[in-house]
Amino acid sequence: MTAPPTPEAATKAVFAKHAVCLVLDYGSQYTQLIARRVREAGVLSVLLPGDASMDEIREVSPKFIILSGGPNSVHAEGSPLLSDDFFAYVAEHSLPVLGICYGMQLLVHQLGGEVQTVVDSGEYGRMPILVERDSVLYAGEAEAKQLVWMSHGDSATRLPEGFRCVARSEQGAVVGIEDAARRFFGLQYHPEVVHSERGVATLRRLLFEVGGLRGDWNMSDVLQEEMAKVRAAVGPEDHVICALSGGVDSTVAATLVHRVLGERLHCVFVDNGLLRFREAERVMATFEQHLHLPVTKIDVSERMLAKLAGVSDPEQKRKAIGREFIETFQEYADELKAKLGHAPRFLVQGTLYPDVIESCPPPGTSAKHSHTIKSHHNVGGLPEDLKFTLIEPLRELFKDEVRQLGRLLEVPEGFIARHPFPGPGLAVRVLGDVTQGGALDTLREVDEAYIEAIREWGLYDQIWQAFAVFLPIRSVGVQGDQRTHSHVVALRAVTSSDGMTADWFPFQPDFLRYVSTKICNTVRGVNRVVYDVTSKPPSTIEWE
Ligand code: XMP
């Protein structure tokens with residue numbers, strides 16, 4: 001009998017089946033977006049740090065390479081550069097390379113041109129450029145003038161031999177270059193952001209017409225491939241555990257693994273006393289009735305709240321919650337070991353692509369986090385000595401791709417479209433001590449009234465995340481001719497694509513009036529409602 005393929009072999013098989021566009025990350029805040037635009041074009045994108053070794057690059061066997069932007073200048077000491085081996089590899093395989101911003105400056109600098117820092121005259125923000133329509137980069141464009149999103153201090157002032165300038169800014173800076181024969185391309189602006197109106201069209205033209213890629217990567221393939229990887233990794237006698245949070249990521253990951261392993265998957269849902277209104281009931285009902293996924297519910301709310309009593313510091317709260325989670329999880333694993341006769345060897349996690357990207361800081365900045373540390377962080381910081389092999393079927397996906405996968409797995413729509421909810425739950429939404437008189441119950445009622453109102457007004461799907469925050473202060477009010485001295489709650493609603501940056505949601509005044517009246521009229525002990533109008537940065541989405 002032949003041994004089943006390892007997950008690494010299964011990953012290689014995916015790379016062999018689909019042409020890969022490799023994105024080398026030099027630390028731009030937009031790198032994720034580049035990877036994402038490529039995937040939206042139906043091309044499998046793989047992201048590696050800019051200082052990835054040639055062995056790592058060869059393993060991916062890319063058909064197209066994009067060099068991202070980044071905060072560095074090619075002239076700064078220690079800035080990441082491309083190796084001679086990289087250029088030899090690209091020439092040997094005749095690979096198209098697109099450099100964006102810092103990526104373009106790398107090409108210019110390393111192929112014999114000149115990049116200069118033009119003091120006090122960088123170009124930032126949305127601005128018009130003029131493109132040459134007889135070029136490869138802009139072939140078929142209807143207009144020579146385009147609006148693009150620029151963000152650079154350095155500029156290419158002399159091009160390497162073989163290159164031509166095919167786009168300029170109004171100030172005359174070189175913003176688009178190509179060497180069609182060697183298939184090197186460079187853009188000084190960011191084609192991946194929505195503010196660059198023809199940017200995605202340019203990217204697609206390069207991928208399909210220059211790179212010859214087909215756009216044949218889709219979610220059903222991903223589902224089949226990820227199921228095959230689970231089948232390959234888990235032996236016939238092995239058991240697998242999964243901590244469900246009630247969120248879309250862990251639910252989709254568990255449902256996928258359940259399709260392959262059936263009752264050898266053991267799910268646990270921990271009620272930590274910090275959940276939303278009737279959350280535990282709702283989640284358990286969805287798992288049992290709709291997903292037919294057996295879940296053990298463990299109620300540690302009393303234990304948890306006892307440990308949190310008197311703790312006000314946000315970090316200490318998170319740590320206490322993490323420790324309690326680990327203890328509960330360990331107890332569950334021990335119980336299973338006693339029941340099955342041997343310990344489960346695998347742990348399913350809903351780690352997403354942005355989590356993986358976050359763990360790859362740009363070269364030359366901080367030390368790389370290991371994949372394990374970041375993944376464990378997802379379920380509340382599981383320690384190394386739990387000794388599980390991780391199964392992470394969503395590792396290559398963004399949130400909305402996970403939602404698509406969930407639909408293929410017939411996860412109920414109401415579940416798929418849920419706003420994210422943080423692991424430490426309402427503890428980061430009651431400022432200060434979570435056990436202060438009735439705070440959690442008040443917050444649950446306010447939050448429920450707020451979310452209900454958002455749904456009634458048809459706004460839920462336009463918002464990335466909405467929630468209420470309990471403030472540890474009281475304000476004076478007047479209700480029914482009586483002076484009150486009651487609680488203040490803050491409402492937050494943000495739009496975002498990945499939670500890394502966010503903007504506050506512009507509710508109409510009528511909605512705000514409706515919801516504040518509803519809350520003050522229906523929730524005892526609240527006499528004031530405020531709305532948070534801060535973006536991230538400078539704030540974070542959660543208040544703690
Ligand atoms: P912040 O507040 O950092 O949050 O802007 C960004 C996104 O992450 C969620 N969040 C967490 N999720 N454990 C989690 O599982 C946490 O400790 C945690 N803190 C924040 C937050 O709800 C938002 O979606």
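Computed from a prediction, not measured in an experiment: that's the story for all the values here. Just so it is clear, the values below take in all heavy atoms, side chains as well, and ignore hydrogens, waters and symmetry mates. In listed order, ligands and their atoms are each counted from 1.
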Check: Would the Y531 and F507 ring centres measure less than 6.0 Å apart?
Finding: yes
Next item on the list: Rounded to the nearest 0.5 Å, what's the gap from CZ on R323 to OG1 on T328? Could you check?
Entry: 12.5 Å
Item checked: For P424, the ligand 1 atoms whose distance to one of its heavy atoms is below 4.0 Å -> 13 (N), 16 (C), 17 (O)
Checklist line | Least distance between heavy atoms, E445 atom then T522 atom | finding: OE1-O, 4.1 Å
Notebook entry, point to check: Relative to the heavy atoms of T540, which atoms of ligand 1 are at a distance of less than 4.0 Å?
Noted result: 1 (P), 2 (O), 5 (O)
Note to self: Which of the numbered atoms in ligand 1 are under 4.0 angstrom from any heavy atom belonging to K536?
What the structure shows: 1 (P), 3 (O), 5 (O), 6 (C)
Notebook entry, point to check: Should you measure from each heavy atom of R318, which atoms of ligand 1 turn up under 4.0 Å away?
Noted result: 16 (C), 17 (O), 18 (C), 19 (N)
Checklist line | Closest non-hydrogen atom pair, A343 against K337 | finding: N-CG, 3.7 Å
Item checked: Sub-3.5 Å N/O-N/O distance, F421 and ligand 1 -> no
Check: Does any N/O atom on G423 come nearer than 3.5 Å to any N/O atom on ligand 1?
Finding: yes
Margin query: Measuring centre to centre across the rings, with the benzene-like ring taken for any Trp, is W457 within less than 6.0 Å of Y514?
Written below: yes
